[in-house]
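A, B, ... follow the sequence lines: proteins, then strands. Residue 1 opens every chain.
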2 protein chains.
Amino acid sequence: MPLACQAKITDTPTQISCLQCSINTICFPAGLDLDLRTELYNVLNHPPALERGEVLFRTGATMKGIYAIRSGAIKTYITDENGHEQVTGYYLPGELLGLGALHSGKHFQIAEALESTYLCQIPVEDLNRLSKDHPQIQEQLINLLSKQLHDHHKMVWHLGLKNATSRVAALLLNCSERCHDRGFSASEIKLNLSRQDISSHLGLAVETVCRIFGQLKRDKVIDFKGRQIDILNFDALNEYMGTKMVQKGKIPRI
Amino acid sequence: MPLACQAKITDTPTQISCLQCSINTICFPAGLDLDLRTELYNVLNHPPALERGEVLFRTGATMKGIYAIRSGAIKTYITDENGHEQVTGYYLPGELLGLGALHSGKHFQIAEALESTYLCQIPVEDLNRLSKDHPQIQEQLINLLSKQLHDHHKMVWHLGLKNATSRVAALLLNCSERCHDRGFSASEIKLNLSRQDISSHLGLAVETVCRIFGQLKRDKVIDFKGRQIDILNFDALNEYMGTKMVQKGKIPRI
DNA sequence: TTAAATAATTGACTTATGTCATGTTGTAGG
DNA sequence: CCTACAACATGACATAAGTCAATTATTTAA
């Protein structure tokens with residue numbers, strides 16, 4: 001099964017048609033008539049590929065459009081006055097980015113590519129114009145927004161977990177599930193967040209994340225080489241996430 | 001200025017018209033024509049008041065409609081196999097509840113009243129029907145969803161903060177801001193979450209939350225009596241939330 | 001109103017996690 | 001291929017936060 005980071009580019013990225021796109025059914029899941037899809041595809045454009053570290057948008061920037069990730073990955077973060085990053089989310093192929101800015105027209109976070117990333121963009125003006133004429137598109141948008149809101153409720157839950165191990169386990173399972181939902185492998189995931197990114201997202205120290213990764217590897221719950229992670233035992237990981245295991249079978253200190 | 005929990009009920013709750021409702025401009029902020037509003041008000045209904053502890057919907061339940069809180073407050077939480085609660089969110093007067101279930105039609109969390117709570121409900125069928133005919137309503141819905149998504153991004157940020165004090169400070173400021181946005185006092189807030197609720201939301205122990213509350217009171221950053229909180233020093237609270245203060249001016253242990 | 005139950009607080013002590021220091025591995029650029 | 005730099009890992013130690021236990025408010029129910 002292909003990994004999330006290896007979604008095939010079936011055409012040169014600047015001219016690819018969504019009609020042939022392997023993930024188009026994910027971006028706009030269901031219920032759009034072919035002619036509406038075609039209309040959408042006509043306004044859709046493909047910004048040049050982002051290289052690792054390149055920024056898609058910044059805090060305060062005017063929203064240009066909504067983005068779908070075709071391949072690659074994006075992290076979002078905010079920075080404090082001292083330039084210290086705190087990662088607030090990550091986005092995988094097939095996922096939409098920037099919806100939270102629709103109501104204000106301004107971005108709240110910084111979005112940065114974690115690896116070479118190809119995007120599709122629908123400019124806001126086109127989206128608004130199409131929306132006016134086609135309730136179906138709005139309906140679709142409402143669905144997508146609602147889905148994202150649901151996912152974020154889940155994330156809030158995961159971040160509220162009380163110990164480091166359960167938070168890490170939750171992150172791994174969340175990534176796995178999202179990969180799986182998009183047709184990638186659920187067990188072999190490549191999350192291109194650095195350990196630093198992960199720790200800042202979970203509110204932990206880098207060292208803690210490293211230690212938990214190491215421990216999970218020794219316990220054969222996961223295996224990994226760098227950022228390529230292989231989940232070996234989902235049940236165990238689920239138990240680490242849940243409160244049950246947190247009480248009785250804690251991870252012993254090294 | 002009235003407190004969040006003291007929004008005036010200007011009529012008997014079961015027959016109140018939104019046209020006179022003091023918070024209607026908050027639920028559907030702008031841009032709706034009067035006749036559309038009227039249509040909306042016609043399908044809108046008022047379930048009987050919820051008493052403290054009563055449940056509005058449960059995990060897995062079919063979504064009946066979307067809810068706006070007229071007065072009172074609601075918490076959402078999920079439970080693990082052992083019945084242990086983890087609070088994932090709270091909702092104040094003027095806020096909408098249940099939007100995350102639109103795409104699946106099923107609720108993911110449990111919603112429970114924190115005090116006597118009056119709601120408005122728009123049944124999904126009516127919402128769908130009106131949506132089909134009136135792009136304006138969809139537009140409005142998209143706006144509201146986007147706004148909620150934005151708020152949740154913020155919450156994810158707050159929950160990722162690394163130490164207990166900054167998370168508590170973030171919660172207080174979040175509540176304050178939301179009260180303020182809705183025309184209530186920003187400094188005198190009544191957050192009807194128990195200390196237990198707060199701790200579970202933030203991934204902390206109850207005792208830790210109590211101690212931080214106590215310390216903030218001794219430092220004259222806040223004052224409180226039970227769940228009635230008075231923010232005395234916003235700057236200090238902001239510094240506690242930010243990483244700056246976390247490093248140099250930590251709260252000394254008692 | 002009082003009694004009982006629940007929630008909040010506080011202290012003493014333990015432990016998970018953070019911090020600092022140092023070594024290792026991996027990766028980008030010449 | 002080597003060098004330089006960043007990412008990752010691990011140990012020793014410090015400390016923030018958790019746990020357990022006891023006490024004092026606050027509700028709720030009788």
In terms of the nearest nucleotide of DNA chain D, which residue is placed more toward the 5' end: A:Leu193 or A:Lys162? A:Leu193

State whether A:Lys225 places a side-chain N or O below 4.0 Å from either non-bridging phosphate oxygen (OP1 or OP2) of C:dG26. yes

Integer-rounded Å distance: D:dG18 P and B:Leu202 CG: 10 Å

Here the pair of heavy atoms bringing A:Leu96 nearest to A:Gln148 is O-NE2, 2.7 Å

Sugar-phosphate only, base, or nothing, as touched by B:Gly53 at under 4.0 Å among non-hydrogen atoms: nothing

Taking the six-membered ring for Trp and the single ring otherwise, decide whether the centroids of A:Phe108 and B:His153 are under 6.0 Å apart. no

Using atom CZ of A:Phe213 as one end and atom P of D:dA7 as the other, report the distance to the nearest whole Å. 16 Å

From C:dT17, D:dG18, C:dT10, pick the nucleotide closest to the side chain of A:Leu204? C:dT17

Between C1' on D:dA17 and CG on A:Leu161, what's the gap in Å once rounded to a whole number? 16 Å

A:Arg211 vs C:dA16: side-chain N/O to OP1/OP2 distance below 4.0 Å: no

Tell me yes or no: between the side chains of A:Glu85 and A:Thr79, is some donor less than 3.5 Å from an acceptor? no

Distance check: side-chain N/O of B:Lys217 vs OP1/OP2 of C:dT9, anything under 4.0 Å? no

When you check the phosphate oxygens OP1 and OP2 of D:dT26, does a side-chain N or O of B:Arg227 lie under 4.0 Å from one of them? no

In whole angstrom, give the distance that lies between atom CD1 of A:Ile222 and atom C1' of D:dC8. 14 Å

Rounded to the Å, how far apart are B:Ile198 CD1 and D:dA17 P? 16 Å

Between A:Ile212 (CD1) and C:dT15 (C1'), how many Å, whole number? 14 Å

Between D:dG18, D:dA16, D:dA7, which one does the side chain of B:Asn163 approach most closely? D:dA16

Give the ring-plane orientation class for A:Phe57 versus A:His107, where under 30° counts as parallel, over 60° as perpendicular and anything between as tilted. parallel

Between C:dT6 atom P and B:Arg52 atom CZ, what is the distance in whole Å? 12 Å

Geometric cation-pi criterion B:Arg227 and B:Tyr90, 6.0 Å radius, 45° cone: no

Counting distance alone, no hydrogens or angles: does the base of D:dC20 have a donor or acceptor under 3.5 Å from a partner atom on the side chain of B:Glu207? yes

Whether B:Arg195 contacts C:dT9 is assessed here as follows: a side-chain N or O lying under 4.0 Å from the phosphate OP1 or OP2. Is that the case? yes

For atom CD of B:Glu115 and atom P of C:dA7, their distance in whole Å: 16 Å

